[in-house]
Amino acid sequence: MKRRAFTHVATGAAIAATSTWSGLVHAQVKKPQAGTDYQVLDPRAPTEAAAGKIEVVEFFWYNCPHCNAFEPALQAWVKNLPKEVSFRRAPIAFQESFVPQQRLYYTLEAMGLVEKLHAKVFAAIHVEKQNLARPEAILEWVAQQGVDKAKFAAQYNSFTVATKASKALQLQNAYKVEGVPALGVAGRFYTDGSMAGNMQRALQVVDALVADQRAGRG
């Protein structure tokens with residue numbers, strides 16, 4: 001979903017996806033082209049990966065239907081990444097109203113609950129039609145998942161989580177993210193479904209960029 005579309009969507013509403021996912025697996029494989037399939041960043045974006053690692057970042061928003069549709073394919077792709085690749089997620093904030101869900105993700109991360117609850121957040125919003133736009137609703141929902149509400153609230157309101165949300169906004173701007181889901185590679189390259197044609201193709205573009213980085217061709 002493109003940035004301009006967010007201004008027309010109620011923050012808590014579930015949005016109907018405008019394209020089907022079933023045809024994405026048939027994306028044509030071709031060598032990615034700079035300026036067409038991906039952008040080269042200048043200046044580079046900051047990275048957090050350890051020395052010798054190639055960082056891949058997924059930019060997402062929990063309320064985005066395209067991010068929800070992309071999540072299963074992304075999870076499967078991440079499981080097969082080479083050991084030289086360091087993957088992380090960055091929740092975007094095109095508006096101030098997105099910040100509660102940024103904090104939701106980073107609180108899950110801080111508490112070691114991403115694997116358990118990340119996909120469930122998408123399901124709660126897009127399948128169960130729950131409105132998880134406000135901190136109060138988020139706290140009630142995590143408590144229903146068996147999470148200690150007081151501990152979650154303390155982490156949610158912590159300086160650490162606030163700092164991570166702030167850094168995510170800086171990273172989003174450094175990559176010039178215009179829509180989600182989107183992918184960044186090594187602080188140097190950016191692609192999304194609009195550029196690559198669809199998100200399955202975007203993963204292929206990232207694979208090619210990572211291969212070039214591993215081979216020293218970047």
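In this structure, Tyr106 and Ala168 approach most closely via the heavy-atom pair OH-CB, 3.4 Å. Contact detail for Val40 and Ala34: the closest heavy-atom pair is CG2-CB, 4.1 Å. In plain terms, the two heavy atoms of Leu203 and Ala73 that are nearest each other are CD1-O, 4.3 Å. Scanning both residues, Glu128 and Gln130, for their nearest heavy atoms gives OE1-NE2, 2.7 Å. Nearest heavy-atom pair across Val177 and Ala182 is CG1-CB, 4.4 Å. When all heavy atoms of Thr191 and Ala196 are compared, the pair lying nearest together is OG1-CB, 3.9 Å.
For the atom pair Arg188 CZ and Asp212 CG, the distance stands at 10.0 Å (nearest 0.5 Å). With rounding to the nearest 0.5 angstrom, the CG atom of Leu117 is 6.0 Å from the CD atom of Gln145. Between the CD atom in Gln39 and the CE atom in Met195 there is a gap of 4.0 Å [rounded to 0.5 Å]. The CH2 atom of Trp77 sits 11.5 Å away from atom CD of Gln204, with the distance rounded to the nearest 0.5 Å. One distance of note links CZ of Phe152 with CH2 of Trp141; it measures 8.5 Å at 0.5 Å rounding. Atoms CG and CG, from Leu209 and Leu183 in turn, are 10.0 Å apart once rounded to the nearest 0.5 Å.
The aromatic rings of Tyr38 and Phe189 sit perpendicular to each other, their planes meeting at more than 60°, with 30° as the lower class boundary.
Dense packing is recorded around NZ of Lys53, with more than 12 heavy atoms of other residues, nucleotides or ligands lying under 6.0 Å away. The environment of Glu136 atom CD is dense: over 12 non-hydrogen atoms of other residues, nucleotides or ligands sit within 6.0 angstrom.
Using modelled atom types, one side-chain atom of Gln101 and one backbone atom of Leu132 make a donor-acceptor pair closer than 3.5 Å. Listed for the Gln102 side chain is a donor-acceptor partner under 3.5 Å among the backbone atoms of Pro91. Checking side-chain atoms of Ser158 against main-chain N and O of Gln155 turns up a donor-acceptor pair under 3.5 Å. Side-chain atoms of Glu55 never come within 3.5 Å of backbone atoms of Gly187 as a donor-acceptor pair (strictly under, hydrogens ignored). Checked by atom type and distance alone, the side chain of Gln172 never pairs as donor or acceptor with a backbone atom of Ile92 at under 3.5 Å. Looking only at distances, no side-chain donor or acceptor of Tyr175 sits under 3.5 Å from a matching main-chain atom of Leu41.
Cluster annotation: Val99 and Val180 are assigned to distinct hydrophobic clusters (Ile/Leu/Val/Met/Phe/Trp/Tyr, side-chain heavy-atom contacts under 4.5 Å, transitive). Neither Phe98 nor Leu169 shares a network with the other; the hydrophobic side chains, linked directly or stepwise wherever heavy atoms of I, L, V, M, F, W or Y lie under 4.5 Å apart, form separate groups for each. Transitive grouping of hydrophobic side chains (ILVMFWY, heavy atoms separated by less than 4.5 Å) keeps Ile138 and Val127 in distinct clusters. Note on Met111: it clusters hydrophobically with Phe122, by side-chain heavy-atom contacts below 4.5 Å among ILVMFWY residues.
Looking at heavy atoms from C-beta onward, Met199 lies out of side-chain contact with Leu74 at the 4.5 angstrom threshold. Using a 4.5 Å heavy-atom threshold, the side chains of Val161 and Tyr156 count as separate. Contact annotation: the side chain of Asn68 never approaches that of Ile125 to less than 4.5 Å [non-hydrogen atoms, C-beta and beyond]. Pro181 places a side-chain heavy atom less than 4.5 Å from the side chain of His66. A heavy-atom distance below 4.5 Å is found between the side chains of Lys167 and Thr163.
Here the two rings, on Phe60 and Tyr105, have centers that are under 6.0 Å apart. Aromatic pair Tyr62/His118: centroids less than 6.0 angstrom apart.
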*Go through the steps to decide whether Lys164 and Glu109 satisfy the test salt bridge (charged side-chain N to carboxylate O under 4.0 Å, His left out), and finish with yes or no.*
CA-CA 10 Å; Lys164 287 190 173 183; Glu109 186 179 70; 3.1 Å; yes

*Any chance you could lay out the side chain to side chain contact (heavy atoms under 4.5 Å, CB included) test for Arg201 and Asp37, step after step, and finish with the verdict?*
CA-CA 9 Å; Arg201 168 68 177 150; Asp37 299 305; 3.5 Å; yes

*Working for side chain to side chain contact (heavy atoms under 4.5 Å, CB included), residues Val206 and Val56*: CA-CA 8 Å; Val206 171; Val56 174; 4.1 Å; yes

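For Arg89, the salt bridge (charged side-chain N to carboxylate O under 4.0 Å, His left out) partners two or more places apart in sequence, or in a different chain, are Glu58, Glu71.
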